Amino acid sequence: MSTKVRVRYAPSPTGHLHIGGARTALFTYLFARKHGGQFILRIEDTDLDRNVSGAAEEFYNGLRWLGVEWDEGEDIGGKYGPYRCTDRMDIYREHIGQLLKEDRAYYCYCSEEDLAKERDAQIAAGETAKYSGHCRHLTPEQRAAYEAEGRGRTVRLRTSSGETLAFNDMVRGGISFESDGNDFVIVKSNGMPTYNLAVVIDDHLMEITHVTRGEEHISNTPRQMQIYRAFGWDVPEFAHFNLILNEEGKKLSKRDESILQFISQYRDLGYLEEAILNFLALLGWSPGTEEEIFSKQELIERFSFERVNKSGSIFDQRKLSWMNNHYFKKAELDRIVRLCVPQLQQASRLPATLDEAQEAWVNVLVILHQEKMNSASDIVPLTDLFFADVPELDEESKQVMSEATVQAVLAAFRNQVESAGEAGFTVENMKALIKAVQSETGVKGKGLFMPIRIALTGQMHGPDLNGTIWLLGRERVLKRLSDSLAARQ
RNA sequence: GGCCCCUUGGUCAAGCGGUUAAGACACCUCCCUUUCACGGAGGUAACAGGGGUUCGAGUCCCCUAGGGGUCACCA
C-alpha cells in the first residue's frame with residue numbers, strides 16, 4: 001500500500017454490537033494497523049426513527065473491550081468531524097444544493113402511496129419494480145403547483161441506464177453492474193440524506209481510501225458509484241467481507257435466537273476478549289498456515305484482504321467455546337477468579353463482598369475447574385455439588401459402596417479428619433489424610449478414593465478429590481461420612 | 001422474479017495445473033489418570049453435477065443445479 005490508508009467502521013446506532021459488525025470492525029481495524037493507517041469510527045444515524053439512544057455507547061464499549069481502538073470518532077474527536085450524521089446536516093445540505101443546482105438531482109413529489117401503487121402494478125405485470133421517472137422532467141410550473149399544494153418532496157439522483165458500473169473488489173475481484181436508470185432517493189422527505197448519500201459524502205470528505213463492509217452492501221455499490229460520479233469525485237477502493245451465517249446458513253438477523261450474537265452476551269457470560277477476537281478473525285479469514293491461535297498483534301501482522309473468504313461462514317459456537325477454553329487454561333488464575341465471582345454472585349452463591357475465607361474458597365474452586373470451563377458462567381453448574389445435599393446414588397455407585405472394604409475406609413477417613421482438627425483440615429494436608437487411611441486399611445486405588453468421593457458427593461465423577469473435600473468444609477465432610485456410615489448399618 | 005455474489009468433510013478452512021486433498025472444532029477409539037476434565041496417539045468424513053481447455057484439473061472456461069445477498073424515503 002503506497003498511499004496512506006484511512007478506513008472506517010460506520011454502524012447505525014439501532015441496536016447492539018453483534019458478531020458480524022464486530023468482525024467487520026476488526027477486519028477494518030487490522031487492515032488499518034497493518035498499513036499504519038487511520039481507523040475511524042463514525043455513527044451513521046440517518047434513520048431518525050430507528051436510532052436507539054445509548055446504542056452508540058454500546059458500540060464504543062464493545063469495541064474497546066475487544067481491543068479494537070479507533071483514531072478518530074465522536075468521543076475522541078479528530079480533524080474530519082463531526083463523526084455523526086445528524087451533526088453533519090449543514091454539510092449534506094450544501095452538497096445536496098450543489099447536485100440540485102447542477103441538475104444532477106431533482107425534487108420528486110410522488111407520495112409514498114403513489115409509489116407503492118406504482119410498484120405493485122409493475123410487480124403484478126411481471127416487470128422489475130423501479131421508479132417510473134414521474135417527476136424527472138417537471139416543468140417549473142408543475143413544480144410550483146406541487147409546492148403550492150404543500151406536497152412533501154424527496155430528492156432523487158438523475159441516473160443513466162445501460163452504463164457499466166464496474167469496480168475491483170479487494171476481496172472478490174471484478175464486479176460489474178449495468179445501470180438501470182432507476183433514479184433512487186438521496187434525500188428523504190424529512191430532509192435527511194439517505195444512507196447511500198451520507199456514506200458517499202462522509203467517506204469522501206473524511207478521505208476514506210478503502211470502503212469496507214459486509215457482502216450485503218455489494219448491491220449498494222453501483223448506486224454509490226453514481227453518486228461519486230455526480231459529484232465528480234474519485235471512487236475509493238472497496239472490500240466486501242463474507243456474511244456470517246446462522247446454523248441454517250442464513251444471514252444472522254437480530255431476532256435470531258438460535259445463537260448468541262451480541263458481543264455483550266459473551267462478555268456477560270465471562271468469555272475472554274482475546275478469545276472472541278481470535279475467533280472472529282478466523283471467521284472468514286485464514287492465515288494460510290496451520291496456526292490458529294493469534295494475539296491481536298500477530299493478527300495485525302498477518303492480515304490481508306486477499307486471504308478473506310468469499311463464501312459465507314456459519315458461526316460455530318462450539319469452536320468458540322473450545323477457543324475460549326484454550327485461553328482460559330492459559331490465563332492467570334486471578335483473572336479467571338475475577339470473571340467467576342460475578343457469575344457466582346448472580347447465582348446467589350456468593351455475597352456481594354467476599355471476606356478472606358471466601359476469597360480463598362473461590363480460589364480453590366476456580367483452580368479445580370479452570371481447565372474445564374468454556375466460559376466463566378460454567379462455574380455455576382460446576383459448583384452445584386457444593387450447594388446441594390448428596391443426591392440419590394445411581395446403580396453403579398451403589399455397587400461401589402457395597403464393596404466389603406468401604407466401611408473400613410470411611411470410618412478410617414472420618415477418624416483422620418476428626419483427629420486432624422480444624423488446623424489439619426487444609427488442601428495441602430488432604431492427601432496425607434487419605435494416605436493414612438490407605439496404610440491403616442490396606443485399601444488403595446479406586447477402592448480407596450471412590451467410596452470417599454461417593455460418600456461426600458453422591459457421584460462417581462467430579463473435580464480433584466482433595467480440593468473437593470476441602471471446599472465441602474470439615475463440618476459437612478464429617479456429617480456426610482457419618483450419614484453414609486449410618487446408612488450402611 | 002430481476003440483478004449480484006458464492007459452492008472442498010457436519011462446521012471453520014488450506015489448496016492458487018501435477019499433493020496419499022492439510023490443519024482445527026465436533027464425533028468415535030485407545031493411552032494417561034482414583035473419577036471427570038486436560039493432555040497424548042489414532043480413526044470416520046469433502047472437491048455440487050455435466051461439458052470443455054490441457055499430457056494432466058479441486059485449481060482455468062462454459063452450462064446446469066443449489067445456496068445466499070439485494071431489489072425502501074433501512075442501514
Side-chain angles (χ1 to χ4, degrees), chain A residues 10-15 44-47 49-50 85 108 110-112 115-116 119 123 126-131 152-156 169 171-173 175-178 180 182 184-196 198-199 213-223 240 242-243 245 247-251 279 282-293 306-307 309-323 325-326 329 368-373 382 400 434 444-454 457 459-466 468:
Chain A
S12 70
T14 55
E44 211 78 46
D45 63 343
T46 53
D47 188 344
D49 296 331
R50 296 209 313 166
C85 290
C108 171
C110 297
S111 68
E112 292 194 59
L115 258 17
R119 205 166 30 237
I123 291 169
E127 296 166 26
T128 305
K130 92 180 212 192
Y131 178 57
R153 65 185 191 190
T154 61
V155 176
R156 287 179 186 272
D169 191 285
V171 170
R172 335 178 82 83
I175 297 177
S176 71
F177 293 82
E178 189 173 308
D180 58 2
N182 190 359
F184 57 94
V185 172
I186 55 175
V187 181
K188 309 177 197 180
S189 56
N190 66 0
M192 290 299 293
T194 59
Y195 161 75
N196 282 125
V199 212
R213 50 187 26 171
E215 187 184 328
E216 71 269 28
H217 284 290
I218 290 181
S219 55
N220 273 321
T221 309
R223 280 193 273 275
H240 291 95
N242 67 349
L243 257 21
L245 312 170
E247 275 126 337
E248 282 81 50
K250 300 264 202 285
K251 179 185 167 191
F279 182 76
L282 257 23
L283 208 54
W285 173 84
S286 112
T289 65
E290 290 183 4
E291 306 147 276
E292 56 183 1
I293 299 299
E306 290 73 45
R307 297 207 61 85
N309 253 280
K310 297 186 185 74
S311 52
S313 301
I314 293 175
F315 183 77
D316 184 1
Q317 274 188 102
R318 283 177 306 186
K319 183 145 185 180
L320 206 208
S321 290
W322 167 81
M323 189 164 282
N325 171 262
H326 173 88
K329 285 180 295 197
L368 254 48
H369 299 286
Q370 183 165 1
E371 65 182 24
K372 63 176 71 171
M373 278 189 276
L382 286 169
V400 172
I434 296 176
K444 57 182 180 177
K446 282 192 187 183
L448 172 65
F449 293 97
M450 266 313 159
I452 297 177
R453 178 180 289 284
I454 294 171
T457 70
Q459 292 170 350
M460 293 183 66
H461 307 302
D464 169 72
L465 228 207
N466 297 331
T468 299

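Computed from a prediction, not measured in an experiment: that's the story for all the values here. Naming convention: chains lettered A, B, ... in sequence-line order (proteins, then strands); numbering from 1 in each chain.
In the model, A:E291 has a side-chain atom that pairs as donor or acceptor with a side-chain atom of A:T289 under 3.5 Å. Side-chain contact check for A:R213 and A:T221: at least one donor-acceptor pair (N or O, by modelled atom type) lies under 3.5 Å.
When both pairing distances are held under 3.5 Å, B:rC3 makes a Watson-Crick or G-U pair with B:rG69. B:rG58 is unpaired under the criterion used here, namely a Watson-Crick or G-U wobble arrangement in which both key atom distances are under 3.5 Å. Across all strands shown, the partner of B:rU29 is B:rA41, judged by Watson-Crick or G-U wobble contacts whose two distances both fall under 3.5 Å. Nucleotide B:rA24: paired with B:rU11 (Watson-Crick or G-U wobble, both distances less than 3.5 Å).
At least one donor-acceptor pair closer than 3.5 Å links the side chain of A:D169 to the backbone N or O of A:H240. When atom types are taken as modelled, the side chain of A:N242 and the backbone of A:K310 share no donor-acceptor pair closer than 3.5 angstrom. The backbone N or O of A:C85 lies less than 3.5 Å from a partner atom in the side chain of A:D45, making a donor-acceptor pair. In this structure, the side chain of A:N182 does not engage the main chain of A:K130 through any donor-acceptor pair within 3.5 Å.
Taking side-chain N and O atoms only, A:K130 has no distance below 4.0 Å to OP1 or OP2 of B:rG2. A close approach under 4.0 Å does occur between a side-chain nitrogen or oxygen of A:K250 and OP1 or OP2 of B:rG68. Within the 4.0 Å cut-off from OP1 or OP2 of B:rC74, at least one side-chain nitrogen or oxygen of A:K188 is found. Within the structure, every side-chain polar atom (N or O) of A:S321 is placed at least 4.0 Å from both OP1 and OP2 of B:rC25. OP1 or OP2 of B:rG69 has not a single side-chain nitrogen or oxygen of A:S219 nearer than 4.0 Å. OP1 or OP2 of B:rA72 has not a single side-chain nitrogen or oxygen of A:R50 nearer than 4.0 Å. In terms of phosphate contacts, A:T14 brings no side-chain nitrogen or oxygen within less than 4.0 Å of OP1 or OP2 of B:rA75. Phosphate proximity of B:rA14 to A:N309: present, with a side-chain N or O under 4.0 Å from OP1 or OP2.
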Protein-nucleotides 45-49 of chain B N/O pairs under 3.5 Å:
none

All N/O pairs under 3.5 Å across the protein-nucleotides 37-41 of chain B interface:
unit_1	atom_1	unit_2	atom_2	d
B:rA37	N3	A:E371	OE2	3.0
B:rC38	O3'	A:K329	NZ	2.9
B:rG39	OP1	A:K329	NZ	2.8

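Taking atom C1' on both B:rA41 and B:rA48, the two are 35 Å apart, rounded to the nearest angstrom. The same atom, P, is picked in B:rU11 and in B:rC30; the two are 27 Å apart, to the nearest Å. Spacing of P atoms, B:rU53 relative to B:rG66, comes out at 27 Å, to the nearest Å. Taking atom P in both B:rC27 and B:rC36, the straight-line distance is 15 Å, to the nearest Å. Nucleotides B:rA65 and B:rC28 place their P atoms 40 Å apart, quoted to the nearest Å. B:rA21 and B:rG9: their C1' atoms are spaced 11 Å apart (whole Å). B:rU8 and B:rU59 are spaced 12 Å apart, taking the P atom of each and rounding to whole Å. When the P atom is compared between B:rG69 and B:rC60, the two are found 25 Å apart, to the nearest whole Å.
A:K372 is linked by a side-chain contact (heavy atoms from CB on, under 4.5 Å) to A:H369, A:L382, counting only residues two or more places apart in sequence or in another chain.
Counting non-hydrogen atoms under 4.0 angstrom, A:L283 reaches the backbone sugars and phosphates but no base. Across all strands, A:H369 comes closer than 4.0 Å to no nucleic acid atom at all (heavy-atom distances). In this structure, A:C85 reaches neither bases nor backbone, as no heavy-atom distance under 4.0 Å exists between it and the strands shown. Using a 4.0 Å heavy-atom criterion, one finds that A:R307 contacts the sugar-phosphate atoms exclusively. If you check every strand for non-hydrogen atoms under 4.0 Å, A:D464 touches a base. Using a 4.0 Å heavy-atom distance criterion, A:G284 is classed as a sugar-phosphate-only contact. Backbone-only engagement by A:G249 is indicated by non-hydrogen atom pairs under 4.0 Å involving sugar-phosphate atoms exclusively. Counting non-hydrogen atoms under 4.0 angstrom, A:S313 reaches the backbone sugars and phosphates but no base. Among the protein residues, A:E216 comes within range of the sugar-phosphate backbone only, with heavy atoms under 4.0 Å from sugar or phosphate atoms but none that close to a base.
Within 6.0 Å of the NZ atom in A:K329, the count of heavy atoms belonging to other residues, nucleotides or ligands exceeds 12.
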Applying side chain to side chain contact (heavy atoms under 4.5 Å, CB included), run through A:F315 and A:L283 and close with a yes or a no.
-> CA-CA 8 Å; A:F315 183 77; A:L283 208 54; 3.5 Å; yes
Starting from the C-alpha separation in whole Å, work towards a yes-or-no answer on side chain to side chain contact (heavy atoms under 4.5 Å, CB included) for A:V187 and A:R153.
-> CA-CA 9 Å; A:V187 181; A:R153 65 185 191 190; over 6 Å; no
Audit row: A:K251, A:E215, salt bridge (Lys or Arg N to Asp or Glu O under 4.0 Å) steps and yes/no | CA-CA 10 Å; A:K251 179 185 167 191; A:E215 187 184 328; over 6 Å; no
Pair A:D47-A:R50, salt bridge (Lys or Arg N to Asp or Glu O under 4.0 Å): steps then yes or no = CA-CA 6 Å; A:D47 188 344; A:R50 296 209 313 166; 3.4 Å; yes
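Of the two residues near RNA chain B, A:N242 and A:R453, the one whose nearest nucleotide lies more 5' is A:N242. Heavy-atom distances to RNA chain B give each of A:K319 and A:S111 a nearest nucleotide, and the one nearer the 5′ end belongs to A:K319.
Residue side chain A:S189 reaches the base of B:rC73 through a donor-acceptor N/O pair under 3.5 Å, judged by distance alone.
Separating the CG atom of A:N466 from the P atom of B:rC36 is a distance of 17 Å, rounded to the nearest angstrom. The CG-C1' distance, from A:D180 to B:rU70, rounds to 12 Å in whole Å. A:N182 places its CG atom 11 Å from the C1' atom of B:rA72, with the value rounded to the nearest Å. Between the C1' atom of B:rU11 and the CG atom of A:L282 lies a distance of 13 Å, rounded to the nearest Å. We find that OH of A:Y195 is positioned 11 Å from C1' of B:rC74, with the value rounded to whole Å. Between A:R156 atom CZ and B:rA72 atom P there is a gap of 10 Å when expressed in whole angstrom units. Whole-Å rounding puts the A:I314 CD1 to B:rU8 C1' distance at 14 Å. The distance between atom CD of A:E292 and atom C1' of B:rA24, rounded to the nearest whole Å, is 4 Å.
Each of B:rC73, B:rU70, B:rC25 was ranked by its minimum atom distance to the side chain of A:E112; first place goes to B:rC73. Ranking B:rA13, B:rA75, B:rC6 by closeness to the A:S286 side chain, first place goes to B:rA13.
Salt-bridge check for A:K319 with A:E292: passed, with a basic side-chain N closer than 4.0 Å to an acidic carboxylate O.
In this structure, A:H217 has its ring center closer than 6.0 angstrom to the ring center of A:Y195.
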